Protein chains: 2
Amino acid sequence: MITRRTQQRHAIRATFENAGRPLGPHEILNIARDVVPGLGIATVYRTLKKLVSDGELQVVELPGAPSRYELAGLAHHHHFHCRDCDRVFDVEGCPEQVTDYAPPGFRTEEHAVVLYGRCSACATG
Amino acid sequence: MITRRTQQRHAIRATFENAGRPLGPHEILNIARDVVPGLGIATVYRTLKKLVSDGELQVVELPGAPSRYELAGLAHHHHFHCRDCDRVFDVEGCPEQVTDYAPPGFRTEEHAVVLYGRCSACATG
DNA sequence: GCGGTATCGAGAATTCAATATCACTAAGGG
DNA sequence: CCCTTAGTGATATTGAATTCTCGATACCGC
């Protein structure tokens, strides 16, 4: 099964490289359609799935919201979810001692921090 | 619209008071059925909705998982999600400075921390 | 260029949490 | 105890995200 280099896949990859933040399927669709007008949502999902299983992208799950996707291999970071525009942004820095908060006997393997509020664009308006 | 005191509603309330941790609809169903054998999932959802709008319960949203519910009015805290048994537990303590991590210009209003790993029961086995 | 086939696009289908429907049950005031 | 009706249980339905189907398209090795 040879992997071909299609416009669609290229446009989706480029979308992530330009965005610099996690993107949802419909965000990707809207942005990548500027490059590939006929792009369909099925192709977006198909491509996301492939890029994730190829290790190029990572799934970003958030409370009460559909998954976002971001480039794999980024340094450990967390996320900011804007309540106005629903966009998600990366947040640098990490309260590493959070793992100590687990009750006695619990084995903590990972953690996630999500901030909620208004992004700079929405806080201004 | 008079509110009646039914066995079902009482059993569901008692379930939360005994659990001491956030519960999902099916967890509630299973536990409360020990008291009210015929209990149906529709009643669980109906009752949860009512108790939330009455301010008795709060919704706990978690990444990539159906909502849990917990008693309202608890002190600020966070959550631990066990990857083995899928149960959620409360975690005391809070890295308050996390809100400072937001990028410049962002207005942070709230935050959530979720720990992942094995709860004490699952870590032992 | 040609051909084989990976990939695409549109729409149908699936999944699963959550809600609605409706005939039946039972809480509780009189 | 009786009657009204809030509440219940089983099941159908919804809604949103995601996946599948299938005929059409376009990579790319030859």
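First the proteins, then the strands, lettered A, B, ... as listed; each starts at 1. Predicted, not measured: the structure shown is a model, and the values here were computed from it.
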**Side-chain touch B:E96/B:H111, heavy atoms, less than 4.5 angstrom** = no
**Message:** Donor-acceptor check, side chain of B:R107 to backbone of B:G105, threshold 3.5 angstrom: yes or no?
**Reply:** no
**Whichever of B:T3 and A:K50 has its nearest DNA chain C nucleotide further upstream toward 5'** = A:K50
**Message:** Are more than 12 heavy atoms, taken from residues, nucleotides or ligands other than B:Q97, located less than 6.0 Å from that residue's CD atom?
**Reply:** yes
**Complete:** Output for pair (B:I28 CD1, B:R33 CZ), nearest 0.5 Å, gives 12.5 Å
**Request:** Would you tell me if any nitrogen or oxygen in the side chain of B:Q7 comes within less than 4.0 Å of OP1 or OP2 on D:dT8?
**Result:** no
**Prompt:** So which pairs with a foot in residues 7-18 of chain B pass salt bridge (Lys or Arg N to Asp or Glu O under 4.0 Å), sequence neighbours left out?
**Reply:** B:R13-B:E56
**Message:** Nearest whole Å is fine: how far is D:dT8 P from B:I28 CD1?
**Reply:** 14 Å
Just the table, please: protein N/O against nucleotides 15-22 of chain D N/O, every pair under 3.5 Å.
unit_1	atom_1	unit_2	atom_2	d
D:dT18	OP2	A:Y45	OH	2.7

**Message:** Distance check needed: D:dT8 P versus B:R5 CZ, whole Å only.
**Reply:** 14 Å
**Prompt:** Within a reach of under 6.0 Å around CD1 of A:I2, are more than 12 heavy atoms found that belong to other residues, nucleotides or ligands?
**Reply:** no
**Asked** So with a 6.0 Å cut-off around NE2 of A:H77, is the heavy-atom count from everything else above 12?
**Response** yes
**Message:** Any donor-acceptor pair under 3.5 Å linking the side-chain atoms of A:D86 with those of A:H81?
**Reply:** yes
**Message:** Reading DNA chain C in the 5' to 3' direction, which nucleotide is the first one with an atom under 4.0 Å from a heavy atom of chain A, and which is the last?
**Reply:** C:dG4 to C:dG11
**Message:** Tell me the interatomic distance from A:Q8, atom CD, to D:dA24, atom C1', rounded to whole angstroms.
**Reply:** 13 Å
**Fill in**
Of B:I2 and B:V36, the one whose closest nucleotide on DNA chain D sits nearer the 5' end is B:I2
